[in-house]
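Let me begin by presenting the structure, written as structure tokens, before commenting on it.
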Amino acid sequence: MTVTKQLYRLQEVDLEIESGKRALEQVASQLGESQAVIETQKQLELEQKRLEESSRRQRSAEWEIDDIATKLAVAEEQLFSGRVKNPKELTNLQHEVEAFQARRDQLEEQALEIIDQVEQSEARVAEINSELETLKADWQRQQKQLTDEMERLRAALADLGSKRQLLIGEIDPPAFEFYQSLRKGKGIAVAKVEQGICRGCRISLPTTDLQQARGGKLVQCSSCGRILFLP
Ligand SMILES: [Zn+2]
């Protein structure tokens with residue numbers, strides 16, 4: 001194999017390594033926490049707090065209703081017992097009973113509103129919970145795919161690394177050094193020649209250069225300085 005073909009093959013491997021590394025970085029950047037999961041978790045906590053607060057208000061309203069019902073029962077018992085004979089006292093008792101009844105009705109109405117809020121909050125908590133489960137499952141699936149992809153890329157890069165070492169071992173060291181310095185400066189060190197044109201800079205090459213390159217000699221493009229490779 002001519003030295004230019006060796007260098008061209010090395011360059012192919014080097015370019016594959018570069019793109020593999022870029023792909024690996026890209027995949028790695030997608031690993032990590034999910035913003036959607038964090039946001040939904042926050043929403044859930046907020047709604048759970050709201051539910052706790054409504055439930056607390058519901059218990060307190062129910063307790064108040066029980067209390068007023070007891071007071072009302074006592075007042076009604078007194079009113080209809082026949083023990084109270086004084087008309088003024090009876091009128092007062094009657095008013096007391098009416099006031100307790102009004103208060104009870106008012107509390108019951110409030111309690112219904114609170115129960116409605118509790119039910120809405122419960123439904124919302126269940127809804128967010130299921131949303132969160134879906135998001136977490138999606139995220140875990142995605143992370144697993146990314147981790148698998150990273151493993152695949154790492155293995156491919158390891159293979160390419162070994163291939164590179166084998167190729168370098170076959171190349172004349174000064175030619176390899178020269179290739180390395182060109183790669184550093186130009187990115188592409190070895191340019192293919194197609195129809196007499198350097199694919200590195202698209203200039204038409206002189207016949208003498210083409211002849212030398214065809215013979216397998218290490219010839220540089222007179223325009224861009226790249227090593228010419230005739231396939
Ligand atoms: Zn050129």
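We count ligands from 1, going down the list as the structure has it; atoms in each ligand are counted the same way.
By the salt bridge (charged side-chain N to carboxylate O under 4.0 Å, His left out) test, Glu16 pairs with no residue at all, sequence neighbours left out.
In this structure, NZ in Lys217 is found 5.0 Å from CD in Gln212, a value given to the nearest 0.5 Å.
Within a radius of less than 2.8 Å around the Zn ion (ligand 1), the protein N, O or S atoms are Cys198 SG, Cys201 SG, Cys221 SG, Cys224 SG.
Using a 4.0 Å cut-off between a side-chain N of Lys or Arg and a carboxylate O of Asp or Glu, Glu45 and Lys42 do not qualify as a salt bridge. Using a cut-off of 4.0 Å between Lys/Arg side-chain N and Asp/Glu carboxylate O, Arg9 and Glu12 are scored as not salt-bridged.
Judged by distance alone, the side chains of Glu62 and Gln58 do bring a donor and an acceptor atom under 3.5 Å apart.
When each of Lys71, Arg57, Arg103 is checked for a salt bridge (charged side-chain N to carboxylate O under 4.0 Å, His left out) with Glu64, only Arg103 meets the rule.
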